[in-house]
There are 2 protein chains.
Amino acid sequence: MDQSRQDPAPDPAVKRLSLYLRQLESLHRRDVKTVSSRQLGESLRFTDAQVRKDLAYFGQFGHPGIGYTVVELIAQVRHILGTDKVWNVVLIGAGNLGRALAAYKGFTAKGFCLVAVFDNDVSKVGRKVGSFAVQPLAELEATVRKHAVRMAMMAVPADNAQDVADQLVTAGVRGLLNFAPVSISVPADVAVNAVDLAVQLEQLLFQVNTSAASKKSPG
Amino acid sequence: MDQSRQDPAPDPAVKRLSLYLRQLESLHRRDVKTVSSRQLGESLRFTDAQVRKDLAYFGQFGHPGIGYTVVELIAQVRHILGTDKVWNVVLIGAGNLGRALAAYKGFTAKGFCLVAVFDNDVSKVGRKVGSFAVQPLAELEATVRKHAVRMAMMAVPADNAQDVADQLVTAGVRGLLNFAPVSISVPADVAVNAVDLAVQLEQLLFQVNTSAASKKSPG
DNA sequence: GGATGTGAATGCATTCACAGCA
DNA sequence: TGCTGTGAATGCATTCACATCC
């Protein structure tokens with residue numbers, strides 16, 4: 001299906017790929033035509049060797065003596081990540097965070113398309129979130145099938161998270177972006193990516209207090 | 001200042017510490033008294049050795065033959081992370097995401113205290129976000145000083161992020177939790193932790209498409 | 001000269017395996 | 001027996017350094 005597979009492609013490299021893409025898109029908006037591995041890495045605080053090796057896992061995209069041409073590399077990275085196509089997603093949870101996610105422009109800019117919003121709270125069902133009427137979870141499976149949804153964002157209370165995850169898996173969703181502050185269990189063929197806002201702040205606090213600062217998590 | 005420092009404490013271990021704490025608090029709510037390294041790690045998909053080594057970086061908290069006593073370990077981990085004290089934070093950005101963050105209960109549950117909300121958009125200044133009237137950034141420095149604020153959450157547009165970061169640093173803030181989809185530059189003694197929602201979804205997509213699934217980022 | 005791609009070397013994190021204690 | 005704490009061994013990611021090409 002894809003071109004030049006070699007090694008299994010290390011997981012940390014994939015995480016950085018998204019950040020490279022973000023930089024590249026920024027360069028493109030500023031009409032920059034080519035970029036070197038050093039330039040691409042510097043604002044992210046990655047070494048040039050790191051950038052080259054990461055990209056080389058997926059193919060040979062550079063031009064010796066020149067660097068990488070921005071539009072070309074953008075296309076390649078999008079293809080690798082899969083964002084050269086549009087993917088439908090659903091959102092579970094119409095609380096404060098859920099509504100913010102529904103309104104977030106960044107998702108559509110990356111090619112994701114929200115197709116429905118769900119919540120089991122009867123006081124929320126039927127209310128509008130953006131252009132969507134909140135649906136009960138009973139309608140999840142039908143919507144997932146109809147729109148070929150493979151990913152869901154979960155912005156639900158901790159107590160409901162496992163239950164909601166189970167329903168999503170049953171409905172056929174293959175990837176969960178979990179904002180609830182609990183770890184959830186899913187079958188091995190389902191992917192989970194967790195974003196715990198309080199944990200992020202907690203980790204920042206540790207960095208601040210040890211004042212080692214200016215280390216990991218660039219962005 | 002703190003008890004048993006040995007090695008510089010590996011960064012990945014610190015990231016997991018927050019997750020251990022989350023599990024421990026959950027166990028405590030269920031009245032569980034003691035927990036083994038195996039039990040503590042299993043729902044997070046960490047090995048028992050990993051858990052023991054991580055905790056051992058900070059001291060000797062366990063009881064051979066028994067495990068760790070939950071309340072004891074909670075206190076220790078909170079002390080290590082610094083969440084045994086209350087920390088004041090400010091929020092910049094009163095858009096959709098900002099308002100969701102302001103309302104998020106998870107922060108106060110961890111001991112963080114939001115003390116002010118800022119935005120430079122004149123249409124937002126003065127409006128209420130929760131119990132806070134949105135202030136202009138001109139008032140940032142005074143508020144930071146008054147409440148001894150060391151950390152800020154940035155939920156601002158990408159174009160303003162660097163400018164806002166600069167102002168926060170000038171005002172004396174030492175840690176930034178950045179939700180804007182750009183990398184920002186700060187002095188070496190300031191910590192940045194970035195949360196890019198679109199990047200999270202992008203990385204989930206890759207996992208789903210390679211269907212290797214069920215790997216990293218537990219939670 | 002300037003830049004990529006990549007084997008080799010380094011460094012770091014995880015896992016193993018076991019001594020020691022309850 | 002059950003479990004921790006920890007040196008030693010393993011495995012993996014990053015960095016180095018250089019052959020190669022524009």
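For the numbers below, each heavy atom of this structure counts, side chains included, while hydrogens, waters and symmetry mates do not. Proteins come first, then strands; the chains are lettered A, B, ... in the order of their sequence lines, and each starts at number 1.
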Does a donor on one side chain and an acceptor on the other come within less than 3.5 Å for B/Asp163 and B/Gln167? yes

Take the protein atom CG of B/Asp11 and the nucleotide atom P of D/dT14, then report the distance between them rounded to whole Å. 13 Å

Can you tell me the distance, in whole Å, between the CG atom of A/Asp54 and the P atom of C/dT6? 13 Å

So which nucleotide from C/dT15, D/dA13, D/dG5 ends up closest to the side chain of B/Thr47? C/dT15

Check every atom of D/dG7, D/dT14, D/dA13 against the side chain of B/Lys53 and return the nucleotide holding the closest atom. D/dG7

How about A/Asp166 and A/Gln162: does a side-chain donor come under 3.5 Å of a side-chain acceptor? yes

Compare side-chain N and O positions of A/Gln60 against OP1 and OP2 of C/dT6 and report whether any pair is under 4.0 Å apart. yes

Assess whether a salt bridge exists between A/Glu42 and A/Arg38, defined as any Lys/Arg side-chain N lying under 4.0 Å from an Asp/Glu carboxylate O. no

CD of B/Gln76 versus C1' of D/dG5: gap in Å, rounded? 15 Å

Give the C-alpha distance, both sets of side-chain angles, the deciding distance and a yes or no for side chain to side chain donor-acceptor pair (under 3.5 Å) between B/Ser37 and B/Arg52. CA-CA 6 Å; B/Ser37 56; B/Arg52 289 199 301 278; 3.1 Å; yes

Atom CG of B/Leu73 and atom C1' of D/dT4: how far apart are they, to the nearest Å? 13 Å

Between D/dT14 atom P and A/Lys15 atom NZ, what is the distance in whole Å? 11 Å

Considering just the side-chain nitrogens and oxygens of A/Tyr68, establish if one lies under 4.0 Å of OP1 or OP2 belonging to C/dG2. no

Option from B/Asp119, B/Val117, B/Leu137 for which side chain to side chain contact (heavy atoms under 4.5 Å, CB included) with B/Ile92 holds: B/Leu137

Donor-acceptor side-chain pairing of B/Ser43 and B/Gln23 below 3.5 angstrom: yes

A/Tyr57 atom OH is separated from C/dG5 atom C1', nearest whole Å, by 12 Å

To the nearest Å, give me how far apart CG (B/Asp48) and P (D/dG2) are. 14 Å

Nucleotide by nucleotide, nucleotides 17-22 of chain C touches protein heavy atoms under 4.0 Å in the pattern (B base, S sugar-phosphate only, - none) B--BBS

Looking at B/Lys110 and B/Glu25, does any basic side-chain N land under 4.0 Å from a carboxylate oxygen? yes

Please check the phosphate of D/dT15 (OP1 and OP2 only) for any side-chain N or O of A/Gln50 closer than 4.0 Å. yes

Acceptor/donor pairs from residues 29-36 of chain B side chains to any protein atom, 3.5 angstrom cut, sequence neighbours excluded:
residue : atom : partner : partner atom : Å
B/Arg30 : NH2  : B/Ser26 : OG           : 2.9
B/Ser36 : OG   : B/Gln39 : N            : 3.2
B/Ser36 : OG   : B/Gln39 : OE1          : 3.4

Could you tell me how far apart B/Leu55 (CG) and D/dT6 (P) are, to the nearest whole angstrom? 12 Å

Members of residues 33-42 of chain B that approach DNA chain D, where some heavy atom sits under 4.0 Å away: B/Ser36, B/Ser37

Is it the case that the side chains of B/Asp54 and B/Tyr20 hold a donor-acceptor pair, with the cut-off being a distance below 3.5 Å and no angle test? yes

